[in-house]
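Note that the coordinates shown come from a computational prediction; the quantities given were computed from them, not determined experimentally. Just so you know, ligand 1 is whichever comes first in the structure, and atom 1 is the first atom listed for that ligand.
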Amino acid sequence: MPVNIQNNVSLLPYNTFGIDVRAAHFTTVHSEAEMREALQSGIHPVLVIGGGSNLLFTRDVAGLVIKNDISYIKLERNFTKRAWIDVGGGVQWHTLVTWAVENNLGGLENMSLIPGTVGAAPVQNIGAYGVELKDVFVSLKAMETTTGRIRTFSLKECGFGYRDSVFKRELKGKYIIVSVRVSLTRPRHKLNLSYGDISRTLVTMGIDHPGIADVSRAVCQIRRSKLPDPAEIGNCGSFFKNPETDLAVLLKIRQSHPEVPSYPLPDNRVKIPAGWLIEQCGWKGKKVGNTGSYARQALVLVNYGGATGQEVKNLSDQIIQSVQQKFGIALEREVNIV
Ligand code: EPU
């Protein structure tokens, strides 16, 4: 069946920030063949979206928006201690996590409840509570936008970093991720409880010997307590990355703010939580027009209803400026501005 391309479509249902802009042309694809056909429709430019959970639309979108809805989860290979799972790019990330936990496959539980789709996950190497996609990643298949050809990318070829990959850098706009292969543990799992919040939550849940389902439940509980549900308040999770700086910058901040949190990195570098920096600048819980910094996690910018993308972007510019002024640290956005 040829793909059905619609004109002048509202993107409101397709972005978790809840921004009401329009796409000149829009289609949903369910297979590689449909993706190829959509790419070859001759309409340019093309923007492929997954769950729309890392996008801030600041204006109407010219050209063709393609919603990737290639959805399957397939057990590809069974090894003694692991299994390889192939997943279509259109699958919701949390659907995959739930499926894995239900099938006693380990490795994804710390990344429970991350919004977005499997196809979008490698673009920014999603992560939470001490685990990143790259820790379970085997390979992915991506379609070249200009030729429709499929290429397989190994772990190394993806160039993963903190919220970063080649698909955000040198290959930006050149490939569309159609499926991802992950390697999950079974029957025994290696839990990652390094993140203080998880062990504390497991204690309050009364669990002494946690399994992957318990960790997943703990993570869901933590996320629900801190992060707004996009179904109720529009948002894209963390709006900024946690900045990396020289140790000297941290030591200087520590003189006036001894409580500053930080995570050590190699080579005398440290990561400082952006949420803390933003809170110190007085933005936490502050409402500016229809937008603001969330009261329970300053790093999350929200749409209280009817905000425009430009309004949110302006707020983020002001936040960047004030963190720069107060701490001399340049915050970088994690969210993609369109
Ligand atoms: N903090 C504040 N004020 C705030 C928020 C945080 O002082 O308003 C401090 C906390 O006290 C804590 C530290 O910042 O000491 C870290 O906070 P949290 O545990 O909430 O994590 P985060 O560093 O703010 C990162 C990820 C999240 C991920 C969590 C857990 C980034 C940009 N964000 O947030 O990812 O869920 O760690 O691993 O790395 C996302 O990327 O969308 C996302 C939600």
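Between the side chain of Trp93 and the main chain of Met111, a donor-acceptor pair closer than 3.5 Å is present. With hydrogens and angles ignored, the 3.5 Å screen pairs no side-chain donor or acceptor of Gln40 with any backbone N or O of Gly148.
Residue contacts with ligand 1 for Trp283 are absent, since no atom lies close enough (heavy atoms, distance under 4.0 Å). Counting heavy atoms under 4.0 Å from ligand 1, residue Arg296 does not touch it at all.
For the pair Glu279 and ligand 1, the shortest N or O to N or O distance falls below 3.5 Å. Between Ala298 and ligand 1, at least one N/O pair is under 3.5 Å apart. Taking any N or O of Asp197, backbone or side chain, none lies under 3.5 Å from an N or O belonging to ligand 1.
Of all protein heavy atoms, the one lying nearest to atom 43 (C) of ligand 1 is Ser238 OG, 3.0 Å. Closest to atom 29 (C) of ligand 1 among all protein heavy atoms lies Tyr195 OH, 4.2 Å. At the shortest separation from atom 23 (O) of ligand 1 among protein heavy atoms lies Asn242 ND2, 2.8 Å.
Between Phe17 and Phe57, a ring centre-to-centre spacing not shorter than 6.0 Å is recorded.
Within ligand 1, counting atoms from 1 as listed, the ones closer than 4.0 Å to a heavy atom of Pro261 are 15 (O). Residue-ligand proximity, Phe240 to ligand 1, at heavy-atom distances under 4.0 Å covers atoms 32 (C).
The line from CE of Met35 to NZ of Lys67 is 10.0 Å long, rounded to the nearest 0.5 Å.
There is no path of hydrophobic side-chain contacts, each under 4.5 Å, that joins Tyr294 to Leu113.
Taking a cutoff of 4.0 Å between a charged side-chain nitrogen and a carboxylate oxygen, Glu32 and Lys141 qualify as a salt bridge.
Side-chain atoms of Arg186 and Asn104 include no donor-acceptor pair closer than 3.5 Å.
Between Trp276 and Phe327, the ring planes are tilted. Angles from 30° to 60° get that label.
The heavy atom nearest to atom 30 (C) of ligand 1, considering only Tyr162, Tyr263, Tyr129, is found in Tyr129.
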